[in-house]
J.: 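This is the structure I want to talk about, given as structure tokens.
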Amino acid sequence: MGTVAVATRRIAVGEVVLVEAPLLTWTRDDTADLLRAYDALPPASRALLRGLYHPNVEDAEFLSWGGEAKLVADTGGRLPAPVPAAPTRADILLLLAVARFNAHAYTGHPAEKTVLELSRTGITGGDCHPKTALYATLSRMEHSCVPNLSYSSKLDAGAGRLTAIRPISSGDHLSLSYIDNPWVLPTALRRAQLYDGFAFFCRCSRCAGPDTARSVLCTKPCGGLATPLNADDPVWRCTMCNLCVDKMYVLAAEGKVTVSLAAMQERNLRTLSAPEEAAELVDDASRTLSPLHWLTLRASRDLEQLLSSHAHSLLSVARIAAEMGFLAMARAYPRDVGRLRIQAVDVSVASIKAVECLAASCGGGWPCRVNHPPVAEVIEWVFWVSQDLLEVPRSPPSSAAALAEELGLGPDRLCVRTITYEELQADAALAAINPIKRLPALLLPSGTVVVESGAIVSLLLSMHANDKRAQALLPPLDAPDDAHARALMFLHYAPASAYPLMRDTFLGTYGKRPEERDSAGLAATAATWAATVAALVGAALADGRAFLLGDTFTVADLMCTYEFLMVRWAGMDSDAVSGGDSRVAAWVDRLAERPSAVKVYAGLASMSINDGAAAA
């Protein structure tokens, strides 16, 4: 169809193959802008541009594709006015053909706007029009459904760049994919997209080989996958037992999933479907077809977007409720937002692993237990998975950070830093000052490191004993009703007895996949919580007091805040959280409304739901 580029040496993954400035850029779908830009080119650049591939107008394949009529239709049915550099209709049609078959999306310097941002946000107005570019060399790269190069134009210099995404040997053709993520499409759909967009019938190695995106589970219990040997006359043969799966069975299963998927997508145009409905469709496609089948991947993608949409809607409602002062309503949503985001991540990760199997031509059956190389074409998918993870309320810090807020300790007096578990394990500098690698940890000016929340809270209160705020939090030794002793009891009871139950609840829900969760074990943990932790708090509040030691907030309440907010967010039944005691439930609400809790336990309290939390 045109010229090809061939590697003259071995090229490693990640190596930059070409960086080239565009010959021409213009606003996408604006043919008049294309002509204006072309008219401004010097004659040498115009000659290079006209030398790019364009079909012969008399070519039968081009005519069957639609010919000049289709080129003109893409401009809205009317050709723009001629310019001096393209004075005739034939000149304009040639330029349209060159642009149609050789152009690349362009996001270059100085107004960088990534294709991902544009496609995700749907931005089309103002200064954010996506651009299109033509290159003298880069535009000559051939297509492959197993490309070995990726294209980017997000460079400071405004150039286009080709980077190797697979090992390239000397003599290999250099290639790009002209369509988005070819791994999630079967051969027939890839070929249809390429023919409609570029007027050629793809005969690359993948299109000529087994149609892995239509693999189905073998009907025998061998654990194998049956893959069509070719797309033109598919015969599904198992990679394990060599059984041929009945063609009509596969076509019927594909038809059923296709109808269900189309019906759900139609309903989603009116109102969002329930995630459970989409999840059921994914499960059905996985069972009747396979987790690697393109229809399963399509259904999974819809489910991931549906879960994210529901999470976004809940988050918007929660923010509005918080701004309007409806704190009880605002508090009801963070847990559900986090759960929906994590479910979306689970679905996406499973799909990405399936794509890795397809790209590796694994054929080893399902579930696959091989760690395949990452696939560059799913980078956008991975990016949005990371965005879903950022929306998950983060694990809150220790009570020590909340105490710092209560005492008004700014960064000049106490520096609070968030440290991930990975950083704690790998950072040599952190290990030097905190060799036992425990959090929270308090580093004193002398270099001594103090761990355990109770010990840190006690030390900070002692260090600021003359501060009236610290005095209010910890009653003196001679306070009536043994308030000092009871404060110390709760100070140590929360991390020693309440925390293990909270941890089991959290790990039993968010630490496991839904199908792996032990419902009976979680129910037993909730019952133990209600009978012990909630009962102890209930006894302290039995006389109608607002807080554990009376009508004022103290360190006893502070030390329990984390555990109670956490079990509520992690999904423990509300009656179990409070032990069925309305006074305990009201007390938990008061804890969540405490300014220190609102700021420090952002994802668990009532406001600033999407903020990150600091850790001491």
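Worth saying up front: this structure is predicted, and the values here are computed from it rather than measured.
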J.: Do the charged groups of R301 and E304 touch, with an N to O distance under 4.0 Å?
T.: yes
J.: Should the pair Y151 and H104 be assigned to parallel (<30°), tilted (30 to 60°) or perpendicular (>60°) ring geometry?
T.: tilted
J.: Is there a side-chain contact between V235 and K247 in this structure, where contact means two heavy atoms from C-beta onward sitting under 4.5 Å apart?
T.: no
J.: Keeping the roles fixed (side chain from W65, backbone from Y195), state whether a donor-acceptor pair exists under 3.5 Å.
T.: yes
J.: What pair of heavy atoms forms the shortest contact from L358 to W183, and how long is it?
T.: CD1-O, 3.4 Å
J.: Just by distance, do the side chain of D211 and the backbone of A231 share a donor-acceptor pair under 3.5 Å?
T.: no
J.: Kindly say whether F201 contributes a backbone atom to a donor-acceptor pair with the side chain of R203 at under 3.5 angstrom?
T.: yes
J.: Going from CG on L18 to OG1 on T163, what distance comes out if it is rounded to the nearest 0.5 angstrom?
T.: 9.5 Å
J.: Hey, is the main chain of Q193 close enough, under 3.5 Å, to the side chain of D196 for a donor-acceptor pair?
T.: no
J.: If I compare all heavy atoms of A136 with all of R140, which pair ends up nearest, and what's the gap?
T.: O-NE, 2.9 Å
J.: Are the side chain of S175 and the backbone of E142 linked by a donor-acceptor contact shorter than 3.5 Å?
T.: no
J.: Determine whether a donor-acceptor pair (N or O, by modelled atom type, separation under 3.5 Å) exists between the side chain of D39 and the backbone of A85.
T.: yes
J.: Is V345 close to R341 at the side-chain level, that is, under 4.5 Å between some pair of heavy atoms?
T.: no
J.: Using a strict threshold of under 4.0 Å (side-chain N to carboxylate O), is an ion pair present between D172 and R10?
T.: no
J.: So do R190 and C202 actually touch side chain to side chain, heavy atoms under 4.5 Å?
T.: no
J.: Distance from L261 atom CG to T296 atom OG1, nearest 0.5 Å?
T.: 10.0 Å
J.: Measure up the F200 and Y178 rings against each other and bin them: parallel (under 30°), tilted (30 to 60°), perpendicular (over 60°).
T.: perpendicular
J.: Under the criterion side chain to side chain contact (heavy atoms under 4.5 Å, CB included), I'd like the reasoning laid out for R206 against S144: C-alpha separation, chi angles, the key distance, then a yes or no.
T.: CA-CA 8 Å; R206 185 172 177 223; S144 173; over 6 Å; no
J.: Please give me the minimum heavy-atom distance between G197 and F101, naming the atom from each residue.
T.: O-CE2, 4.0 Å
J.: Minimum heavy-atom separation for T107 to S153, with atom names?
T.: N-OG, 2.8 Å
J.: I'd like to know if D91 and R50 make a salt bridge, using a cut-off of under 4.0 Å between side-chain N and carboxylate O.
T.: no
J.: Using salt bridge (Lys or Arg N to Asp or Glu O under 4.0 Å), reason through D33 and R36 one step at a time and then give a plain yes or no.
T.: CA-CA 5 Å; D33 189 38; R36 287 192 295 269; 3.6 Å; yes
J.: Could you go step by step and tell me if V355 and V184 meet the side chain to side chain contact (heavy atoms under 4.5 Å, CB included) rule?
T.: CA-CA 7 Å; V355 171; V184 298; 3.8 Å; yes
J.: Is any side-chain heavy atom of K256 less than 4.5 Å from a side-chain heavy atom of D284?
T.: yes
J.: Could you walk me through whether N148 and I11 pass the side chain to side chain contact (heavy atoms under 4.5 Å, CB included) test, one step at a time?
T.: CA-CA 10 Å; N148 50 32; I11 302 174; over 6 Å; no
J.: As an exercise, state the distance from SG of C222 to CG of L217, rounded to the nearest 0.5 Å.
T.: 9.5 Å
J.: For V375, does its backbone N or O pair with a side-chain atom of E356 as donor and acceptor, under 3.5 Å?
T.: no
J.: Please indicate whether D246 has more than 12 foreign heavy atoms, meaning atoms of other residues, nucleotides or ligands, lying under 6.0 Å from its CG.
T.: yes
J.: Do T27 and Y106 have side-chain atoms, one donor and one acceptor, less than 3.5 Å apart?
T.: no
J.: If every non-hydrogen atom of R161 is compared with every non-hydrogen atom of L138, which pair is closest and at what distance?
T.: N-CD1, 4.1 Å
J.: Is a side-chain donor or acceptor of R237 paired with a backbone partner of N242 at a separation under 3.5 angstrom?
T.: yes
J.: Does a side-chain heavy-atom distance below 4.5 Å link V347 with L307?
T.: yes
J.: Check whether any side-chain heavy atom of T31 lies under 4.5 Å from a side-chain heavy atom of L79, and answer yes or no.
T.: no
J.: Within a reach of under 6.0 Å around CD of E280, are more than 12 heavy atoms found that belong to other residues, nucleotides or ligands?
T.: no
J.: Is R89 salt-bridged to E68, cutoff N-O under 4.0 Å?
T.: yes
J.: Carefully, step by step, assess K131 and R28 under the rule side chain to side chain contact (heavy atoms under 4.5 Å, CB included).
T.: CA-CA 5 Å; K131 293 280 189 176; R28 188 183 66 187; over 6 Å; no
J.: Atom NE2 of H173 and atom CG of L149: how far apart are they, to the nearest 0.5 Å?
T.: 12.5 Å
J.: Not counting sequence neighbours, which residues clear salt bridge (Lys or Arg N to Asp or Glu O under 4.0 Å) with R214? List them please.
T.: E254
J.: Return the minimal non-hydrogen interatomic distance between L71 and A97, and the atom names on each side.
T.: CD1-CB, 3.9 Å
J.: Can a side-chain donor-acceptor contact be found between D283 and S286 if the only test is distance below 3.5 angstrom?
T.: no
J.: Quick one: are V98 and L49 in side-chain contact, heavy atoms under 4.5 Å?
T.: yes
J.: Find out whether E15 and L162 are in side-chain contact, i.e. whether some heavy atom of one side chain is under 4.5 Å from a heavy atom of the other.
T.: no
J.: Report the distance from atom CG of D302 to atom CG of L281, rounding to the nearest 0.5 Å.
T.: 8.5 Å
J.: Answer with yes or no whether the side chains of T227 and S215 bring together a donor and an acceptor at under 3.5 Å.
T.: yes
J.: If I take atom CH2 from residue W294 and atom CG from residue L189, how far apart are they, to the nearest 0.5 angstrom?
T.: 4.5 Å
